[in-house]
A.B. asks: 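Quick one: structure below, then a few questions.
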Amino acid sequence: MKILVPVKRVVDFNVKVRVKPDGSGVDLDNVKMAMNPFDEIAVEEALRLKEAGQAEEIVVVSIGPAAAIDTIRTALAMGADRGILVRADQPVEPLGVAKALKAVVAKEEPTLVILGKQAIDDDCNQTGQMLAALLGWPQGTFASKVVIDGETVTVTREIDGGLETVRLTLPAVVTTDLRLNEPRYASLPNIMRSKKKPVDETTAEELGVDLAPRLQVLKVEAPPARGGGVRVASPAELVDKLKNEAGVL
Ligand code: AMP
């Protein structure tokens with residue numbers, strides 16, 4: 001079985017992002033970038049399936065600028081086998097990513113695609129669902145457990161009311177939630193080995209997909225700054241403030 005893992009290059013989760021003064025977006029100059037954390041979980045899950053003898057090959061794919069190769073290399077250093085970079089120099093929306101992934105799926109013919117549930121830059125939570133719809137494949141989103149059994153995959157999903165378990169017929173699309181696993185760090189030997197692993201480069205034109213944006217960003221603004229806290233003298237004063245100032249009681 002071949003597993004395809006899409007990995008996105010995003011602003012590192014430790015970075016406090018700054019909005020550009022003209023409100024057109026987030027300032028990315030000299031900002032540390034990293035693999036989307038949910039995609040690290042996706043790579044880790046694919047590695048565990050391979051180590052359990054349930055997958056033979058893990059291919060990672062990123063749609064993005066030349067620098068997205070670093071994200072692919074990180075996944076290769078964790079243990080993935082090879083990479084594909086779909087060069088796109090403009091930001092790509094989830095529908096464009098899903099179309100590019102559909103074209104990669106047609107070439108690579110994986111049995112399972114494991115994506116992150118959402119990218120922490122746009123917080124869209126759309127790509128996996130769109131990809132499943134475009135492919136006509138079943139989907140198991142927000143996975144906290146993934147079990148392959150012959151022709152099916154059983155996915156435990158984290159939903160608002162608790163856990164839901166679904167059984168999907170392969171090939172299928174799965175998206176990862178936080179509790180699925182704890183991703184490994186790449187070891188030094190693996191980092192060295194990863195430099196020799198193959199990475200193919202292609203473009204949207206070569207894949208025959210249109211990545212033109214469909215959405216127009218009107219304005220980006222930072223959330224309002226939080227006011228300082230106050231100390232209250234008694235529970236009665238707290239209740240009074242919650243009722244009469246915060247209006248939450
Ligand atoms: P989103 O729908 O944008 O929140 O992204 C959900 C998931 O889709 C991510 O966790 C990635 O697995 C995948 N994805 C989104 N954008 C890209 C991209 N440019 N390249 C590769 N994978 C992506």
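As the structure lists them, so they are numbered: ligands from 1, and atoms in each ligand from 1.
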A.B. asks: Mind checking whether Pro94 has an N or O less than 3.5 Å away from an N or O of ligand 1?
C.D. replies: no
A.B. asks: Can you spot which of Lys197, Lys50, Lys2 makes a salt bridge (Lys or Arg N to Asp or Glu O under 4.0 Å) with Asp81?
C.D. replies: Lys50
A.B. asks: Below 4.0 angstrom, N of the basic side chain to O of the carboxylate: do Asp200 and Lys107 qualify?
C.D. replies: no
A.B. asks: Should one rank Thr175, Ile63, Ile114, Val61 by closest heavy-atom distance to atom 18 (C) of ligand 1, which comes out on top?
C.D. replies: Ile63
A.B. asks: Kindly confirm or rule out an N or O of Gly116 lying under 3.5 angstrom from an N or O of ligand 1.
C.D. replies: yes
A.B. asks: If I apply the N/O under 3.5 Å rule, does Pro6 come out as touching ligand 1?
C.D. replies: yes
A.B. asks: Could you list which atoms of ligand 1 come closer than 4.0 Å to a heavy atom of Asn36?
C.D. replies: 9 (C), 10 (O)
A.B. asks: Using a 3.5 Å cut-off on N or O atoms only, is Asp122 in polar contact with ligand 1?
C.D. replies: yes
A.B. asks: Counting only heavy atoms closer than 4.0 Å, does ligand 1 sit against the backbone of Val86, its side chain, both, or neither?
C.D. replies: neither
A.B. asks: List ligand 1 atoms under 4.0 Å from Leu115, heavy atoms only on the residue side.
C.D. replies: 8 (O), 12 (O), 13 (C)
A.B. asks: Return all side-chain donor-acceptor pairs below 3.5 angstrom for residues 130-153, not counting sequence neighbours, or 'none' if the list is empty.
C.D. replies:
from	atom 1	to	atom 2	distance (Å)
Thr141	OG1	Arg157	NE	3.4
Thr141	OG1	Arg157	NH2	2.8
Thr152	OG1	Asp149	O	3.1

A.B. asks: For atom 8 (O) of ligand 1, which of Val43, Leu101, Ile72, Thr127 has the closest heavy atom?
C.D. replies: Thr127
A.B. asks: Report the residues that fulfil side chain to side chain contact (heavy atoms under 4.5 Å, CB included) with Ala34, sequence neighbours left out, ordered by chain and then residue number.
C.D. replies: Asp12
